[in-house]
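One structure coming up, written as structure tokens, with questions to follow.
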Amino acid sequence: MELTSPRTAIERQYEAERPTRRLRHILGPDWKEGYLFIFPALFMLGTIIGYPFLRAFYTGFTRTTTLEIGPWIGLTNYVNLYNDPFFWDSVRISLTYTIAAVVLKFFVGMIAALLLHRMTRFATIFTAMVMLPWIMPEVVRAITWKGLLDPIYGMVNPLLKDLGLITTSIPFFGTPQLALPSVILVNLWAGIPFFTLLLVAGLKAIDKEQYEAAAIDGASGWRQFLHITLPGLQYVILVEALLSFIWTFNGFTQVFLLTGGGPLGSTKMYTIFAIEAARSFRIGTAVAAAMSMVPMLVILIIILGRNVLATQTGRSAQSAAEQNTGLFGLISWPFRIIVSLFGAIFWIVNNGIEVILDGIGGAFRKARPLSYDAHASAMRAKAGRRRVNIVAGIILALLLIFELFPFYFVLITSFKEEAQIVSFQSLYYPDPWTLGQYEKLLGPTRNFLAWMRNSVIISTVTPLVSTVVAALAAYSLVRLNWKGSRFLSSAVFAAYLMPGVLLVISIYQIFAKVGLTNSLYGLMIAYSTFALPFAIWLMMGYYASIPRELEDAGLIDGCNRFQVFWRIVLPLTKPALMAIFLFGVTNAWHEYLFAYILISKQSLMTLPVGLGMMIIGDVQPWGELTGASMIMAVPVFILYSVGQKFMVAGLTAGAVKG
């Protein structure tokens, strides 16, 4: 028998492992586990987002009027589109709506955040009240404000008449001059909580010692705000402003339900323009309209991604000098020039105003010399704090009235009789209180219970799928070392911000071919996939905060990667998993666009689409609509109350780190 030397056995083992080592060298040391963990997410995102995007891109160069892609016509759709003044009107309206809404939300959100941050008592309660509009489903927001501003049955016009501000009712959504400012107002109302929440989280991260040192040096409160607060919040402001811009610009549901794009096209955003083109069988034109916005969105996504992904993946961010060179520097230089120009103008104006105010203050002090003994100084400081508290209290009270008054309108209207609504009696309270509107809504003449059943089923299944798949994918992207992880991290982030109006047309064509239109399964597949990018993004932030030493210890003890993930890492992310599940439930509960396009049978409609049908038209059953709004909003409020800390933690994960 031939004996094999130890050296020969080692050499054979070395030769046998050579292909594996080569693959590990090319694809990364964790390539097997990395690809295995990412595969479910990659499959779902590729089939429901990636392929429809490529199909839509091609469709834009064809004459497509049916479910089948039409003949190739080159740039004809784009040439015709760019010669269409209605398209450019829709782009102008979209930009006006978006810029105005984002600027207003930032300023009001900053004021609200500063007021809430300085509170020592009841801050949690006031923060929860300010947050209420943000968790309200979009269709409920539309019902609320369409009813509130209705010139006949609404509450705002009679209130303005009682105050003597107007003499005749104003059709806020029915006048071309007022429709756009009115929808901007609704967007402001709904978006204040998002800005406030992130800014409060950012303010808590600023070291208080900086303010104390500045106060000792004689810096005024305004100077402290300019030189400490704003620099400390610059990362938060950038992230929330860009996210809000992209969400608002790509928005469809809210404006569509409030005005339908009217009157006379005064609120027809590019998303409504594209959907109307698709519904009139000009699918190539519709896709071209949506695709024309992609370059601008890509630039914004790149700028946002450079600032977010470094934190979410646990990798160090590049220096300012590195960011200003290369492709990113080339793309971002116009924005940096604009920001620098506005910054220079602001500082010139601010310094001029401060010089004037200092001169006025000096003249006043000369005219009325102040006593500088300790007691007098303490009394003046106390009086100053009292004045500040009074002003802050008034501003906070006005903000809460603005945020909560619509809820009061919905509540009392849902308990009024139909005769009381149409006769304008007891405008500010039900007389008598009745459940008649709820009885009609839940009765046999409406499909409300069927709509609710469909929404409950979808809102239960969808977050389960997206949470499991996202947990695996995010771990692969953050913790495992394999080739392509950084590219896919960016791709996931881009998919999260992809406009739904661009994809829904291609998805409808694909789903119609395979029998997934007018099917709850089709909605579950679409919702699960579109929930993935956001879920993965949040989980990436949580995984990055877990010490790697815990995983290293598990590997040393003999665990494989899956055992480390299941036994060590995943139990530490229970708050994140809960946050993702709750966000998935609320998003599926009030999603409108895909259900509006993919479902046409009333028995299969979800609550948002069913209620949307009830508010489109000239005559609306306001009692039933407000009752439906209450029923639809209550589960969301309960979920938010139960999982508030998880949802807040999820939304602010990684958002306050620069």
CA sep, side-chain torsions, deciding dist, call: F273, F86, ring pair (Phe, Tyr, Trp, His ring centres under 6.0 Å)
CA-CA 8 Å; F273 178 91; F86 294 106; 8.1 Å; no
Does a donor on one side chain and an acceptor on the other come within less than 3.5 Å for D162 and Y428?
yes
Nearest 0.5 Å please: distance from the CG atom of L598 over to the CZ atom of F511.
6.5 Å
Just to verify, what does L398 make a side chain to side chain contact (heavy atoms under 4.5 Å, CB included) with, not counting sequence neighbours?
I394
Cation-pi check, R141 onto F407 ring (under 6.0 Å, within 45° of axis)
no
Measure the spacing between CG of L104 and CZ of F195 and express it to the nearest 0.5 Å.
10.0 Å
Are side-chain N/O atoms of T248 and Y97 paired as donor and acceptor at under 3.5 Å?
no
Suppose we call two aromatic rings close when their centres sit under 6.0 Å apart. Are F534 and F583 close by that rule?
yes
Check: T253 and H590 side chains under 4.5 Å, non-hydrogen atoms:
no
When rounded to the nearest 0.5 angstrom, what distance separates CD1 in I457 from CG in L523?
11.5 Å
Using a distance-only test with no angle check, is there a side-chain donor-acceptor pair under 3.5 angstrom linking N447 and S603?
no
Over all atoms of both residues, closest heavy-atom pair of P430 and Q420
CA-NE2, 3.5 Å
V103 versus I99: any side-chain heavy-atom pair under 4.5 Å?
yes
Do you know the tightest heavy-atom contact between V609 and A595?
CG2-CB, 3.4 Å
If you count the non-hydrogen atoms of other residues, nucleotides and ligands that lie under 6.0 Å from NZ in K601, is the total more than 12?
no
Distance-only donor-acceptor check, side chains E138 and Y592, under 3.5 Å:
no
Could you tell me whether E276 and R282 have a side-chain N and a carboxylate O separated by less than 4.0 Å?
no
Quick one: are the ring centres of F594 and Y508 less than 6.0 Å apart?
no
For residues L198 and L233, determine if any side-chain heavy atom of one lies less than 4.5 Å from a side-chain heavy atom of the other.
no
Flag the pair W145 / F172 as yes when their ring centroid distance falls below 6.0 Å, and as no otherwise.
no
Are F173 and V183 packed together at the side-chain level, in the sense that at least one heavy-atom pair is separated by less than 4.5 angstrom?
yes
In the structure I gave you, are the side-chain heavy atoms of T98 and I246 within less than 4.5 Å of one another anywhere?
no
Between D431 and Y429, is a side-chain contact (heavy atoms from CB on, under 4.5 Å) present by the stated rule, with each step listed?
CA-CA 6 Å; D431 185 22; Y429 58 90; 4.0 Å; yes
Please report the interatomic distance CG(L396) to CD(E403), rounded to the nearest 0.5 Å.
10.5 Å
Pair K105-S244, side-chain donor/acceptor within less than 3.5 Å:
yes
For K268 and T259, which I'm curious about, is there any donor-acceptor pair between the side chains at under 3.5 Å?
no
Which heavy atom of S466 sits nearest to which heavy atom of S528, and what is that distance?
CB-O, 3.7 Å
Can you find a pair of side-chain heavy atoms, one from M539 and one from L577, that are under 4.5 Å apart?
yes
Would you say Y521 has more than 12 foreign heavy atoms packed within less than 6.0 Å of its OH?
no
Taking atom types as modelled, is there a side-chain donor on K416 or T626 under 3.5 Å from an acceptor on the other?
no
So how far is it from L258 CG to L149 CG, rounded to the nearest 0.5 Å?
8.5 Å
Which heavy-atom pair separates M605 from N454 by the least distance, and what is that distance?
O-ND2, 2.9 Å
Can you classify the ring geometry of W433 versus F415 as parallel (below 30°), tilted (30 to 60°) or perpendicular (above 60°)?
tilted
Find the distance between OG1 (T196) and CD (E240) and round it off to the nearest 0.5 Å.
8.5 Å
Taking C-beta and beyond as the side chain, do I192 and F402 meet within less than 4.5 Å on heavy atoms?
yes
Taking all heavy atoms of I166 and all of T168, pick out the closest pair and write down the distance.
CD1-O, 3.5 Å
With a 3.5 Å distance limit and no angle check, can you tell me whether W589 reaches the backbone of M632 through a side-chain donor-acceptor pair?
yes
Specify the closest pair of heavy atoms between V102 and A241, including all atoms of both residues, with the distance to one decimal.
CG1-O, 4.1 Å
Any non-hydrogen side-chain atom of I48 less than 4.5 Å from a side-chain atom of I507?
yes
Name the orientation class of the two ring planes belonging to F249 and F245 (parallel below 30°, tilted from 30 to 60°, perpendicular beyond 60°).
parallel
Side-chain H-bond candidate by donor/acceptor type, E418 with Q437, under 3.5 Å:
yes
